[in-house]
A.B. asks: 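Below: one structure in structure tokens.
The first residue in the sequence is number 1, and the count goes up from there. Remember, it's a predicted structure, so these values are computed and weren't measured experimentally.
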Amino acid sequence: MKQKMLDQMADVTEAMYLQEHAKVKPVLDAEARVRGQLAKLDQQIKESRELANSDHAMKALGADLLWQGWHSRTRRQLNMELAQITAQKLRAMDNLRKAFGRKHAVETMATQERQRVKKDRAQKLHNRLMNME
């Protein structure tokens, strides 16, 4: 394969890799957002448990049960969202790995072809010099 064609293929596979790489960032941002929400919810639960132990009025009104229901629904919703985002992330990372593999393979082929051409030129020059003596 000609060097020019290999270099063009390397440029194309680099662009494809960068395109796949750009698709991963929003998914990672969404994952971080949901994980942050879960951490915030955990902190709220911890604080509410400490408060509930001393606040008997909340228990008397049933607010603690309402809070538990809201907490359970919210956690379930966030976990489902996190599972969906994780599936998206796995697909995106798989596509990114494939794009990287293609990019790396074409770059390797281009480098090897460059080295082969350089070696051939050196060999031809050597043969020419040896025939002149």
A.B. asks: Go through the steps to decide whether Lys98 and Asp94 satisfy the test salt bridge (charged side-chain N to carboxylate O under 4.0 Å, His left out), and finish with yes or no.
C.D. replies: CA-CA 6 Å; Lys98 287 177 185 175; Asp94 189 44; 3.6 Å; yes
A.B. asks: Please confirm whether the backbone N or O of His71 pairs with a side-chain atom of Thr74, one donor and one acceptor, at under 3.5 Å?
C.D. replies: no
A.B. asks: Lys23 and Asn95: side chain to side chain contact (heavy atoms under 4.5 Å, CB included), yes or no, with the steps?
C.D. replies: CA-CA 10 Å; Lys23 291 178 184 178; Asn95 291 339; over 6 Å; no
A.B. asks: When rounded to the nearest 0.5 angstrom, what is the spacing between CD in Glu14 and CD in Gln19?
C.D. replies: 12.5 Å
A.B. asks: Does one hydrophobic cluster hold both Trp70 and Val34, with members joined at side-chain heavy-atom distances below 4.5 Å?
C.D. replies: yes
A.B. asks: Charged N to carboxylate O below 4.0 Å: is that the case for Asp120 and Arg116?
C.D. replies: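 Yes, Asp120 and Arg116 are salt-bridged.
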A.B. asks: How are the rings of His104 and Phe100 set relative to one another: parallel (under 30°), tilted (30 to 60°) or perpendicular (over 60°)?
C.D. replies: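 His104 and Phe100: parallel rings.
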A.B. asks: Could you tell me the separation between the CD atom of Gln112 and the CG atom of Leu6, rounded to the nearest 0.5 Å?
C.D. replies: 10.0 Å
A.B. asks: Would you say Met16 and Val12 make side-chain contact, with heavy atoms under 4.5 Å?
C.D. replies: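 Side-chain contact under 4.5 Å: yes.
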A.B. asks: Would you call Asp29 and Lys25 a salt bridge, taking side-chain N to carboxylate O under 4.0 Å as the test?
C.D. replies: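 Answer for the salt bridge query: yes.
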A.B. asks: Measure the NZ-CD distance between Lys103 and Glu20 for me, rounded to the nearest 0.5 Å.
C.D. replies: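 The NZ atom of Lys103 sits 13.5 Å away from the CD atom of Glu20.
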A.B. asks: Quick one: does any side-chain atom of Arg121 pair with a main-chain N or O of Val117 as donor and acceptor, under 3.5 Å?
C.D. replies: no
A.B. asks: Do Arg114 and Asp7 sit within salt-bridge range, that is, some charged N less than 4.0 Å from a carboxylate O?
C.D. replies: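 A salt bridge is present here (some side-chain N lies under 4.0 Å from a carboxylate O).
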A.B. asks: If you measure from OG1 on Thr13 to CD on Gln8, what distance do you get to the nearest 0.5 Å?
C.D. replies: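 So the OG1 of Thr13 and the CD of Gln8 are separated by 11.5 Å.
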A.B. asks: Given the rule that I, L, V, M, F, W and Y join up when any side-chain heavy atoms are under 4.5 Å apart, are Tyr17 and Leu90 in one cluster?
C.D. replies: no
A.B. asks: Side chains of residues 79-88: which donor-acceptor partners sit under 3.5 Å, not counting sequence neighbours?
C.D. replies:
| residue | atom | partner | partner atom | Å |
| --- | --- | --- | --- | --- |
| Asn79 | ND2 | Arg75 | O | 3.3 |
| Glu81 | OE2 | Arg33 | NH1 | 3.4 |
| Glu81 | OE2 | Arg33 | NH2 | 2.8 |
| Thr86 | OG1 | Leu82 | O | 2.7 |

A.B. asks: Please determine whether residues Met5 and Val106 belong to a single hydrophobic cluster, defined as Ile, Leu, Val, Met, Phe, Trp and Tyr linked transitively by side-chain heavy-atom distances below 4.5 Å.
C.D. replies: yes
A.B. asks: Flag the pair Met109 / Glu113 as yes when at least one side-chain heavy-atom distance between them is below 4.5 Å, and no otherwise.
C.D. replies: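 When only atoms from C-beta onward are counted, Glu113 and Met109 do not touch, as no gap falls below 4.5 Å.
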